[in-house]
Number of protein chains: 2
Amino acid sequence: MASQAVEEIAHPKREEIELGAVLHALSDPMRLKIVAALAASEGEKPCGSFNLPVTKSTCTHHFKVLREAGIIHQRQERTARLNSLRRGDLEARFPGLLEAVLRA
Amino acid sequence: MASQAVEEIAHPKREEIELGAVLHALSDPMRLKIVAALAASEGEKPCGSFNLPVTKSTCTHHFKVLREAGIIHQRQERTARLNSLRRGDLEARFPGLLEAVLRA
């Protein structure tokens, strides 16, 4: 049934998640907002639901940085790209880090 | 007795320390090494004592980024620039963050 080519959305495996990339990804205030919103919602959120004061392409870039760092998981559902926090993977790799950042 | 002009070494006050700047400063592996060495030594360490595989000017740059982010304190003593970790200030601003990063 899937006649259209589906763009692969690449994610690092848990053991490939690197501290430097995670810290860099979290060092941007807009990306920190995205992560805080995902942490508060506990579920999947489409990209359009974050109401960020930036252009769509900037927004897409921020989500990409977060995904490539291993902080969020993205999947495509029809026209929506759904985002969720990789809380378990982050906690396993860097215990306490995400909580400390979200608390700050 | 101090006849020579002393270059002022500027530090952000505790309340001026920003999460984004701290995370950015810690996102570099060389700077993370410096911070880990300072955390392990618990005292002041001169810049030359870190044995980093980078040029002196790169090293100076890394220390500057750490100082401006509020992560380290630097003071000049004769020809040596002495560095120490602002552990108390960081813990007060972002509880658990530094420990989580050092544990990673």
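Proteins get letters first, then strands, A, B, ... in listed order; numbering begins at 1 in each.
With hydrophobic clusters built from ILVMFWY side chains whose heavy atoms lie under 4.5 angstrom apart, B:Leu52 shares a cluster with B:Leu66. In the hydrophobic clustering of ILVMFWY residues, with side-chain heavy atoms under 4.5 Å counting as a link, A:Ile17 and A:Ile9 come out apart. Residues B:Phe50 and B:Ile71 fall within the same hydrophobic cluster, defined by Ile, Leu, Val, Met, Phe, Trp and Tyr side chains chained together at heavy-atom separations under 4.5 Å.
For A:Leu26, the parts sitting under 4.5 Å from any heavy atom of chain B are the backbone and the side chain alike. Looking at A:Leu97, the atoms closer than 4.5 Å to chain B (heavy atoms on both sides) sit in the backbone and in the side chain alike.
The closest donor-acceptor contact from the side chain of B:Arg103 to the backbone of A:Pro95 lies under 3.5 Å.
Minimum heavy-atom separation, A:Gly96 to B:Ala100: C-CB, 3.8 Å.
Within a 6.0 Å radius of CD in B:Gln74, more than 12 heavy atoms belonging to other residues, nucleotides or ligands are found.
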